[in-house]
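One structure is given below, encoded as structure tokens.
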Amino acid sequence: MNADQARQLLERALDEAREAIGSAASLEDLEAARRGFGGKRSPVSQVNESIKSLAPEDRPVVGKAVSAYNAALGDLVDARRDELQVSARDAARVRDAIDLTEGGHGRRRGHLHVVTQVQRELEDVFVGLGFQVAEGPEVETDWYNFEALNMPPAHPARSMWDTLYVRLGRPEQVMLRTHTSPVQIRVMETRKPPIYTVMPGRAYRKETLDARHSPVFHQIEGLVVDRGITFGDMAGTIEAFTRAYFGPDKTSRLRPSFFPFTEPSAEFEVTCTFCDGAGCSVCSRTGWIELGGCGMVDPNVLRAVDIDPEEYSGFAFGFGLDRMAMDRHDIDHIKTFFEDDVRVLEQF
Amino acid sequence: MLVPLSWLREFAPIEAGVDEIVDACNQLGLVVDAVHEPGRGVAGVVAAKVLEVKDHPNADKLTLVDVEIGGGETTTVVCGARNLSAGDVVPYAPAGASLPGLGRLERKKIRGVVSDGMLCSAKELGLGDDHSGILHLDGTAELGHDVRDVLGLDDVVLDLDITPNRPDAMSIVGVARELAAHFHVPLRIPVARAGDVNGDVRGATVTVEAPDRNPRYVARVASVRIGPSPEWMQRRLTAAGMRPISNVVDVTNYVMLERGQPLHAFDLGRLGGRGIVVRLAEDGEQMTTLDGVVRRLDRSDLLICDAQRVPQAIAGIMGGGASEVSDDTTEVLLESAYFEPTGIGRSSKRLGLRTESSARFERGVDPNGVLQAADRAIELMTEVASADAAPGARDEYPHPIEPKRVTLRAGQVNALLGTELEEGEIADALVPLGIELEGTGPVRTAVVPTFRPDLEREIDLVEEVARRIGYNSIPMTVPKSGEHFGSLTTRQRERRLVVDVLVGFGFDEAYTMPLVAPADLERAGLPAVGIELENPLRAEESLLRTSLLPGLLGAAEFNVAQGQSDLALFEVGHVFLPGAGDGPLPDERDRLGALLTGYVRRRPHEDDRPVDAFDLVDVWNGLVGALRLADARLEPGEQASLHPARSALAVVDGQVIGAIGDVAPEVAARYSLTGPTVAMELELDRLLDARRLPARLRRVSRFPASHIDLAFVVDETVPAARVAETLRTAAGDLLEDVALFDVFRSESLGPGRKSLTFALRFRAPDRTLTDAEVADVRRRAIDAVVANHAAELRG
């Protein structure tokens, strides 16, 4: 083989390689073509083999031609590889596409009952105001539900609550608690002042179900007993709670009322959350919504748990959780809370 | 308590407007439930007489009406109504007057003619819906006179919600006393001419056999002429919510409303023996009350009897028919008494009979106002029933009740209220309420009138001071002590954690009724026994629940009926079991219940699959992990409500605290739950009381792990967890994890046998394990399982 023959051979081979590489349909085809035109036993390797038998003056010429061939072959392969990779990626894109709007696997999140949510939020607000949280049994004795709360047997104020009695103990000795106030007594029996505690829980009354009343309902109440506690402290604490829970633009006010276990007693009202105090149908155009009752702990209640009313004073307050959840979420019937319709549960 | 303001103003010349009075009542704790105010928004409207009605020159439907508006003055108004003729007296609203809904009127031109105000329909005055024509007033009304007077629109009636501690405020005089003090106007209560306690009562006798129940009894006697009471009295009674009956009965009601003292008039001619005996009833004694009901009495009831001891009234509650005042009555015995409050309350409650009278007696009337109320009634009967009263009064009052004397320390008032009131300010607050203060200086004695039985202690007077200065005038402060901090207890935080685990697993929190019917328990496969209510409202709510499952099953049933058949519900709540509680209290405990029914929906990407009890095992494992329980496992066992062969008991620290499994098919069927349904119930307190692993970091190894799979064939009765436990014990510390990854059964294994394949992962904290080490633990693990569970190692 002489130099011309070698050059012609390489030219022809490059043409064939261009053809083969251009028609390679896959990376595997491309690799086969590369091997066929650049590997052992390929035309270029033949030419390479023959270089040492060429005339010395032809050797550099043919050597250059081999280099040029290899470079051209490499470029062809690279270019085709790029093309193949792009089209493979494009094909994969189409093939592997998913439509996320089809929706998920249907795994569901669970939901806290809306009254639990309100209760937790209130607990957290009061913890922030320095209160602890306490609970007590729902079935109570006359002592905790009435007597220690300054309602001795046959006290007329007992008729303020329609009581569901339980067939245990002496007649009318055991009942479903009509309010969460028995927990106040339990807290004061087991702890010495200072006491700053809120008591959420379930209470029961012999009441026919209507939109706002249920025989089973939920309350939270607070109790503070310490040295030097004043009526002003009660008003200020209720005000602090009002701002923390309802918002800094809301305020509270008190008006006299009567509860056997507090003296002085009050109802407390907060700025109507529907009209911001402007007056609307919800608040009977007063701008205020009655929220609950409160008062200074009656000295008789303190005496019942061996706390000296000359040394300590305190206040208590309480209100309904159901009502709060109803007002907050536009729920118009209290039975909603015990129906457990998942279409409702899942909304909150 | 309905309070017409005109009546109130008889005793206190309050000039304030209705809104101000309403505010005052609310501030004082006499809560205004409603205001019946017929003339609200009506101002400057006067009576005018129609002189002439002419056609409007520019409008067919309108007329021009000339009216005389008093003082000979006349004017012309444009009017659309057609019901007027000369001589009619009508309401005329001149420019400047106000009408409800229309506001202040202005002079304006209507179709080219200036109208000086307007004539009003009933609707325009806010007096109902009649808009068919101009309202006609009484023809004798003085022209130019305000229609508020002519129509009595000023007699606004307040509906007050009186708290049970305030019997005094269940009277017009009592409310007047509060408002007079508030508005700083004098309170004037006319004193009726008194009966002479030694005077003639025409032979009537009074014997009180139970003076502790009836400390005072006053009787007066009068001949009367029965007829209707006058219109003014009827109007007031009606406004105050009572039905006029006859002059004598109306007087007793009138005085009760005015003074708060219930009275009863007996037809003296029908009382056996011209006299009264007050005695306790015999057990089983009966009498028919005015409402025609036969009342069965016992020895706690007090009776007013005639001199022959025949019952004529249940004292303080209701009279009897026999001596009721009728059209034929010519002479009455008027009773005014003070009955001991708790006795009346007890009888009223037991008899289920509450009346205007009992409501006042059970709260406590003024024992020292009894005679004066009788005198006032006799005075009114003289006026409206031509009464001829005997000059005397019988007054059985052996132990007069003295006003209470209460020490009041100014320092204590300020210490409890957080105020800095001067002694004079405290006196100014209390004296207008009828409370006298004796002595001088910071400690004084308050003499409390007997019409305020609620004021017995210093603290009660502190409340009166607070009420009088206004609750909202007391400066707001916060407690000064810094010795307290707010927090949840560990227990409370963990209770939240348990709930959050359930929510994290996709469960919705339910609240089910704690009051159930025996049938509800039976339906759930539980014994129909539990703690019973003494006085349930409904039979469906007659037992306290003993399990959360009936409620959850019921909630599932409800939802399935609504078309929602895939459910994940849980509840945390109390159940009530007999015995073992504190004293007479039941064993009340907190439980966690959970229920799954239907399918886990995974379409379109994967197939839906039915829920199964293993879903609840995940929740159980989640709880065990979240709470770091040291010793918690599931063991074979049966539990009511659940399928006996498809359930397990939850065991913590060796004690059973609940169960997990398929709901028993017959139970599910009773709740119409046709889809797969599984449930779990755990004792929450026991779960939270359980021993815990310390929350210290377990260090992780950086060295490679060795993985080995082992398959054993064991009897069906061998729980997989036991085999895993054996593997753990035998392999020791090098075993990092063991997981069951395949279970299969086939004939080739033999009947009652199953194959369990475990994946074991070995790893040392400090080195790469050698093949020899792994082979050694593998051998030990296999030997232990084979030996302990009669197992064969497979292939």
Side-chain angles (χ1 to χ4, degrees), chain A residues 102 105-113 116 127-133 137-139 141 154 156-157 164-169 173-174 194 196 206 215-216 224 226 228-233 235-237 239-240 253-258 263-264 266 296 299 313 337-338 340-342 345-346, chain B residues 26-29 163-165 342 345-346 362-363 416-418 459-460 462-463 466-467 471-472 474-479 481 483-488 492 502-503 505-511 513-514 531-535 537 555 559 562 564 567 574 576 583-586 588 601-602 604-605:
Chain A
E102 286 166 4
H105 280 298
R107 193 177 294 177
R108 301 167 55 258
R109 79 173 172 96
H111 302 79
L112 282 182
H113 195 282
T116 302
V127 164
L129 294 173
F131 285 72
Q132 313 250 329
V133 180
E138 291 168 17
V139 177
T141 59
L164 283 166
Y165 289 98
V166 164
R167 267 193 200 143
L168 290 170
Q173 187 194 2
V174 182
Y196 292 77
K206 190 177 175 180
V216 185
V224 168
D226 203 347
I229 293 295
T230 67
F231 188 95
D233 291 339
T237 300
E239 179 71 3
R253 69 174 188 183
L254 305 176
R255 67 162 192 237
S257 188
F258 168 73
E263 188 86 12
M296 300 296 288
S313 55
F337 296 138
F338 278 99
D340 299 320
D341 190 320
V342 293
L345 297 177
E346 285 172 354
Chain B
N26 283 330
Q27 261 185 63
L28 290 165
T163 52
N165 59 327
T342 57
R346 215 176 290 138
E362 75 177 24
R363 287 165 169 79
L416 280 168
L417 296 181
I459 189 71
D460 302 325
V462 171
E463 178 175 71
R467 255 179 4 100
Y471 277 11
N472 295 306
I474 296 170
M476 288 180 176
T477 49
V478 288
S481 156
E483 289 172 41
H484 62 102
F485 61 93
S487 68
L488 293 179
Q492 287 158 350
L502 268 293
V503 170
F505 274 102
F507 285 72
D508 295 330
E509 188 184 17
Y511 282 10
M513 281 295 275
I531 290 161
E532 294 170 25
L533 295 196
E534 186 62 46
N535 56 338
L537 203 57
N559 277 291
Q562 305 294 312
Q564 295 112 230
L567 301 167
H574 291 206
F576 308 85
L585 292 183
E588 181 173 339
R601 298 289 172 189
R602 300 200 287 203
H605 313 299

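Predicted, not measured: the structure shown is a model, and the values here were computed from it.
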Residue B:Leu28 versus chain A: region with a heavy atom under 4.5 Å: backbone

Derivation of the side chain to side chain contact (heavy atoms under 4.5 Å, CB included) call for A:Leu345 and B:Glu509: CA-CA 7 Å; A:Leu345 297 177; B:Glu509 188 184 17; over 6 Å; no

All heavy atoms of A:Gln173 vs all of B:Pro584, minimum pair found to be NE2-CG, 3.6 Å

As a quick check of understanding, evaluate side chain to side chain contact (heavy atoms under 4.5 Å, CB included) for B:Phe485 and A:Gln132, giving each step before the final call. CA-CA 8 Å; B:Phe485 61 93; A:Gln132 313 250 329; 3.9 Å; yes

Please examine the side chains of A:Tyr196 and B:Pro479, heavy atoms only from C-beta on, and report whether any two atoms are closer than 4.5 Å. yes

Evaluate side chain to side chain contact (heavy atoms under 4.5 Å, CB included) for A:Thr230 paired with B:Thr477, printing each intermediate quantity in order. CA-CA 8 Å; A:Thr230 67; B:Thr477 49; 3.8 Å; yes

Note: vs chain A, highest number of non-hydrogen pairs under 4.5 angstrom among B:Leu417, B:Thr342, B:Thr163 is B:Leu417

From A:Arg108 CZ over to B:Phe505 CZ, what is the distance, rounded to the nearest 0.5 angstrom? 14.0 Å

Name the option with the most non-hydrogen atom pairs under 4.5 Å to chain A; the candidates are B:Leu416, B:Asn26, B:Ile531, B:Leu567. B:Leu416

A:Val127: what forms a side chain to side chain contact (heavy atoms under 4.5 Å, CB included) with it, not counting sequence neighbours? A:Val133, B:Leu488

Between B:Leu585 and A:Val174, what is the shortest heavy-atom contact and its length? CD2-CG1, 4.0 Å

If you look at every heavy atom in B:Met513 and A:Val216, which pair is closest and at what distance? CE-CG2, 3.6 Å

If I measure from the heavy atoms of chain B, does A:Phe338 come under 4.5 Å with its side chain, its backbone, both, or neither? both

In terms of ring plane angle, is the pair B:His605 and A:His105 parallel, tilted or perpendicular, where the classes change at 30° and 60°? perpendicular

Between NE2 of B:His484 and CG of A:Asp226, what distance do you get to the nearest 0.5 Å? 7.0 Å

Does any part of the side chain of B:Phe576, heavy atoms only, come nearer than 4.5 Å to the side chain of A:Glu138, both counted from C-beta? yes

Residues forming a side-chain hydrogen bond (donor to acceptor under 3.5 Å, both in side chains) with B:Arg602, sequence neighbours excluded: none

What about the rings of A:Phe231 and B:Tyr471, do their centers lie closer together than 6.0 Å? yes

Heavy-atom cut-off 4.5 Å, strictly under: side chain, backbone, both or neither for B:Pro475 against chain A? backbone

Based on non-hydrogen pairs under 4.5 Å, which of B:Arg601, B:Glu588, B:Glu362 is most in contact with chain A? B:Glu588

Less than 4.5 Å apart, side chain to side chain, heavy atoms only: is that true for A:Val166 and B:Glu532? no

Tell me, side chain or backbone of B:Asn559 under 4.5 Å from chain A's heavy atoms, or both, or neither? side chain

Do B:Asp508 and A:Glu346 touch side chain to side chain, with heavy atoms closer than 4.5 Å? yes

Go through A:Gly106, A:Pro215, A:Pro137 and name the one with the most non-hydrogen pairs under 4.5 angstrom from chain B. A:Pro137

Checking side chain to side chain contact (heavy atoms under 4.5 Å, CB included) for the pair B:Val462/A:Met296: CA distance, chi angles, key distance, verdict? CA-CA 11 Å; B:Val462 171; A:Met296 300 296 288; over 6 Å; no

Backbone N or O of A:Leu254 within a donor-acceptor pair of the B:Asn472 side chain at under 3.5 Å? yes

Given B:Gln564, B:Gln562, B:Arg346, the one with more heavy-atom pairs under 4.5 angstrom with chain A than any other is B:Gln564

Interface residue of largest heavy-atom contact number with chain A, from B:Gln492, B:Arg467, B:Gln27, under 4.5 Å: B:Gln492

Just how far is it from atom OH of A:Tyr165 to atom CG of B:Asn535, taken to the nearest 0.5 Å? 7.5 Å

A:Ser313 portion near chain B, given a 4.5 angstrom heavy-atom threshold: side chain

Cut-off 4.5 Å, heavy atoms of chain B, and the answer for A:Val139 is both

Please determine, among A:Ala266, A:Ala235, A:Gly130, A:Gly169, the option with the most heavy-atom pairs under 4.5 Å with chain B. A:Gly130

With a 4.5 angstrom heavy-atom cut-off, could you sort out which part of A:Arg109 is near chain B: side chain, backbone, both or neither? backbone

